[in-house]
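The block underneath contains the structure these notes are about, expressed in structure tokens.
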Amino acid sequence: MPLHIIRNDITKVECDAIVNAANNTLLGGGGVDGAIHKAAGSGLLEECRKLGGCKTGQAKITGGYNLPCKYVIHTVGPVWRGGGNNERRMLESCYKNSLVLAKEYKCGSVAFPLISAGVYGYPADEAFDVAVETIAQFLMKNDMTVYLVIYGKNAFRAGSRIFSDIAAYIDDNYVDENTDEQYELMRQAQCSQILEIQKPGVSADKAKSFEKPKMSEQSDQYEFNDISIFFSQSNSDIKDIIGDMLDESFSQMLLRKIDEKQMKDSECYKKANIDKRLFSKIRSNPGYRPAKTTVLAFCVALELSLDETNEMLMKAGFALSHSSKLDIIVEYFIKNRNYNIFEINEVLFAFDQSLLGSVN
Ligand code: APR
């Protein structure tokens with residue numbers, strides 16, 4: 001996942017470079033500046049003294065000293081004065097110049113705090129939007145892992161209008177766990193039976209009829225017989241038994257959709273917030289079994305409809321469920337044809353949900 005949004009203390013984040021929200025003197029201060037200097041030790045201040053300060057929006061680099069990173073990139077955010085003094089452009093420059101410097105120093109990973117969102121008074125929601133948007137633009141053209149590190153329990157109403165719309169949508173659609181669980185279990189069982197059938201090596205000579213889960217008489221629990229399925233017919237008959245459910249696997253459908261949409265592979269996996277290595281694994285393995293957030297990330301990147309999304313999920317053994325806030329939030333964006341995965345991840349983060357993309 002090229003862009004992670006995490007809650008942590010940036011001085012604890014192990015990566016190639018961490019970014020400091022400094023002031024123009026570069027001689028330390030409070031907030032994250034103070035925390036970084038404290039954790040790095042006196043060597044950092046000595047090196048900063050030689051840099052001759054830094055202009056707002058610019059970035060300079062030093063060693064990481066006692067921090068778990070190789071470099072510290074110091075940037076100076078704008079002080080918020082109501083929004084009419086070029087604050088947004090200056091803040092964007094902080095992220096852009098820091099990322100360019102990180103790339104120059106061949107950093108594979110970099111961590112940012114929310115620049116200007118503390119002492120400098122930039123409204124946190126807007127600072128968050130600027131950070132995500134600017135980093136996302138950089139990642140569409142560059143391979144790097146970026147952590148946006150949110151400190152403490154800052155609550156976010158990412159994009160206040162959309163936030164309240166989504167909160168209302170969740171209220172209208174969310175069903176608590178047990179109501180939906182029965183059907184979720186059945187869906188998953190049927191999906192995993194499909195996957196079992198697709199597994200290489202489930203061959204004709206050890207097979208029996210396809211069994212469906214059934215509601216038991218005694219209780220309202222679904223009884224799931226042995227999910228491993230055997231067939232007595234030849235492979236070619238398997239397709240008749242399961243019909244078109246077996247016409248292609250998740251990764252085969254993914255590659256077909258990329259072709260149909262006339263996308264380049266790189267365009268697709270970058271829009272999905274998926275890194276190149278994972279995409280290569282999926283591309284080379286027709287039986288690849290992805291995480292649900294990975295499937296949803298590709299559905300968003302491919303701008304699939306809700307039906308196509310459910311079809312792709314089914315191929316991977318999943319289904320959208322109204323007992324999952326994550327699923328409801330993604331459903332909201334797909335229904336509104338908003339396929340900006342970084343905007344979706346901002347909202348998922350604000351609702352304390354996992355993000356779309358994948359970590360493996
Ligand atoms: N790890 C990650 N983020 C942190 C940490 C930490 N250890 N400490 C604070 N933050 C967060 C704050 O919660 C805020 O969201 O960093 C963000 C930026 O806040 P500040 O550190 O106050 O930075 P900024 O608003 O850019 O003001 C810069 O403050 O510390 C002085 O010398 C600095 O004068 C400069 C000014």
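Atoms within a ligand are numbered from 1 in the order they appear, just like the ligands themselves.
With salt bridges taken as basic N to acidic carboxylate O contacts below 4.0 Å, none links R89 and E92. Under 4.0 Å is where a charged nitrogen must lie from a carboxylate oxygen, and between E331 and K335 at least one such pair does. For K325 and D352, the salt-bridge test fails: no basic side-chain N is under 4.0 Å from an acidic carboxylate O. Using a cut-off of 4.0 Å between Lys/Arg side-chain N and Asp/Glu carboxylate O, E267 and K261 are scored as not salt-bridged. In this structure, K106 does not pair ionically with D16, as no charged nitrogen and carboxylate oxygen lie closer than 4.0 Å. Salt-bridge annotation for D259 and R256: absent, with no side-chain N of the basic residue lying under 4.0 Å from a carboxylate O of the acidic one. Salt bridge E303/K271: present, at least one basic N to carboxylate O contact under 4.0 Å.
Using a 4.0 Å cutoff on heavy atoms, S116 counts as a contact of ligand 1. In this structure, T11 has no heavy atom closer than 4.0 Å to ligand 1.
The A21 neighbourhood of ligand 1 comprises atoms 23 (O), 26 (O), 28 (C), 33 (C), with distances under 4.0 Å to a heavy atom of that residue. Taking a cut-off of under 4.0 Å to the non-hydrogen atoms of D33, the atoms of ligand 1 that pass are 30 (O), 32 (O), 33 (C).
Between G30 and ligand 1, an N or O atom pair is found at a separation short of 3.5 Å. For a threshold of 3.5 Å applied to N or O pairs, the pair formed by V119 and ligand 1 contains at least one separation below that value. Ligand 1 has no nitrogen or oxygen under 3.5 angstrom from a nitrogen or oxygen of I115. Residue-to-ligand polar distances keep P113 apart from ligand 1: every N/O pair is separated by 3.5 Å or more. Between I10 and ligand 1, at least one N/O pair is under 3.5 Å apart.
Closest heavy-atom approach to atom 17 (C) of ligand 1 within the set L114, I150, N23: this belongs to L114.
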